[in-house]
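Beneath this line is the structure, given in structure tokens, with notes to follow.
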Amino acid sequence: KAGVTQTPRYLIKTRGQQVTLSCSPISGHRSVSWYQQTPGQGLQFLFEYFSETQRNKGNFPGRFSGRQFSNSRSEMNVSTLELGDSALYLCASSVDGGRNSGNTIYFGEGSWLTVV
Amino acid sequence: QKEVEQNSGPLSVPEGAIASLNCTYSDRGSQSFFWYRQYSGKSPELIMSIYSNGDKEDGRFTAQLNKASQYVSLLIRDSQPSDSATYLCAVISRDDKIIFGKGTRLHILP
């Protein structure tokens, strides 16, 4: 069974630009969540989507947004990029994301974003 | 602010010894707890999950949960150089958000 697939793997953008990252979850998984990882802040939750609806959101500014399609694939967008947005962006999927259901969260390899 | 705290390390352990990693969390309503291993430049991979008080063993790994004291730990027996990585503790809070600790860097000394 294929794992979580993220594209692109590496990208460089300039300040002020916007970026879109894509994530294909494991087949059968309906919950997709996004994380930002930096050396200083660690792994931080951005948002979670389930059945095309944002179900949960972390403490990030509105420049960070996402969506989920009917096939469970998800995209996240960052507008007006800042230098501090340079990070590893990880996507993860699980069957339904419920906390009491024993869902296991599987991560993709991540997208390395550098803002210059 | 719900938090998950881990000692950042590095924790240096001789090969063959037991490595003990600890994590505390602030949300008493948390129900699900996970340990992830992350090699440098790679994404986190699940090592253990635990949901009820006590110990859960899987091969060389044992997860321990004490909800009253709000801590969860991971023991790695017979530590190998390949265990050298950053270990992330993750907790799903009562409002269904997953919160990660900043990780403990583990270094197994050959």
Side-chain angles (χ1 to χ4, degrees), chain A residues 3-7 9-10 21 23-26 29-50 53-60 87-114, chain B residues 1-10 21 23-53 56 58 61 63 65 67 72 85-105:
Chain A
V4 180
T5 305
Q6 290 187 246
T7 56
R9 290 294 318 281
Y10 305 92
L21 308 177
C23 173
S24 294
I26 292 171
H29 286 193
R30 297 169 64 193
S31 169
V32 173
S33 49
W34 288 89
Y35 305 84
Q36 181 196 67
Q37 188 173 34
T38 59
Q41 296 301 316
L43 197 60
Q44 293 184 286
F45 172 73
L46 280 157
F47 27 66
E48 184 215 356
Y49 286 88
F50 179 79
T53 301
Q54 187 180 88
R55 189 161 65 175
N56 240 319
K57 188 177 187 302
N59 298 320
F60 279 81
L88 174 64
Y89 289 88
L90 289 161
C91 168
S93 76
S94 65
V95 173
D96 66 19
R99 67 183 172 107
N100 289 324
S101 62
N103 273 275
T104 299
I105 299 168
Y106 296 93
F107 284 89
E109 291 298 311
S111 293
W112 289 91
L113 171 64
T114 301
Chain B
Q1 176 77 5
K2 301 179 182 68
E3 293 182 341
V4 175
E5 300 286 342
Q6 295 181 255
N7 188 320
S8 62
L21 305 164
C23 170
T24 59
Y25 59 95
S26 62
D27 182 7
R28 278 195 174 276
S30 300
Q31 296 292 332
S32 304
F33 307 86
F34 306 91
W35 283 99
Y36 284 83
R37 177 177 63 198
Q38 187 174 25
Y39 293 114
S40 180
K42 300 294 186 181
S43 61
E45 57 177 323
L46 183 71
I47 297 297
M48 293 283 289
S49 58
I50 187 166
Y51 307 101
S52 54
N53 278 329
K56 179 182 177 183
D58 183 2
F61 299 95
L65 175 62
K67 290 185 179 180
V72 57
T86 296
Y87 289 80
L88 302 170
C89 173
V91 173
I92 298 184
S93 64
R94 71 181 75 196
D95 56 357
D96 282 346
K97 291 183 181 179
I98 185 166
I99 305 168
F100 285 84
K102 293 187 177 181
T104 298
R105 286 180 294 142

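Just so it is clear: chains get the letters A, B, ... in the order the sequence lines come, proteins before strands, and each one is counted from 1.
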Worksheet item: Does any heavy atom of chain B fall under 4.5 Å from the side chain of Q44(A), the backbone, both, or neither of them?
Response: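 It is neither, since no heavy atom gets under 4.5 Å.
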Item to complete: Over 60° means perpendicular and under 30° means parallel, so classify the ring planes of F107(A) and Y35(A), tilted if in between.
Response: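 The rings of Y35(A) and F107(A) sit tilted, inter-plane angle from 30° to 60°.
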Do any N or O atoms from the side chain of [X] and from the backbone of [Y] form a donor-acceptor pair under 3.5 angstrom?
{"X": "D27(B)", "Y": "R94(B)", "result": "yes"}
{"X": "S31(A)", "Y": "S94(A)", "result": "no"}
{"X": "Q6(B)", "Y": "C23(B)", "result": "no"}

Worksheet item: Side chain, backbone, both or neither: which part of L46(B) has an atom under 4.5 Å from a heavy atom of chain A?
Response: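 The side chain, not the backbone.
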Worksheet item: Taking E45(B), K42(B), Q38(B) one by one, which has the highest count of heavy-atom pairs under 4.5 Å against chain A?
Response: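 Of the candidates given, the most pairs with chain A belong to Q38(B).
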Fill in: Contact winner vs chain B - L90(A), I105(A), L88(A), heavy-atom pairs under 4.5 Å
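The option with the most such pairs is I105(A).
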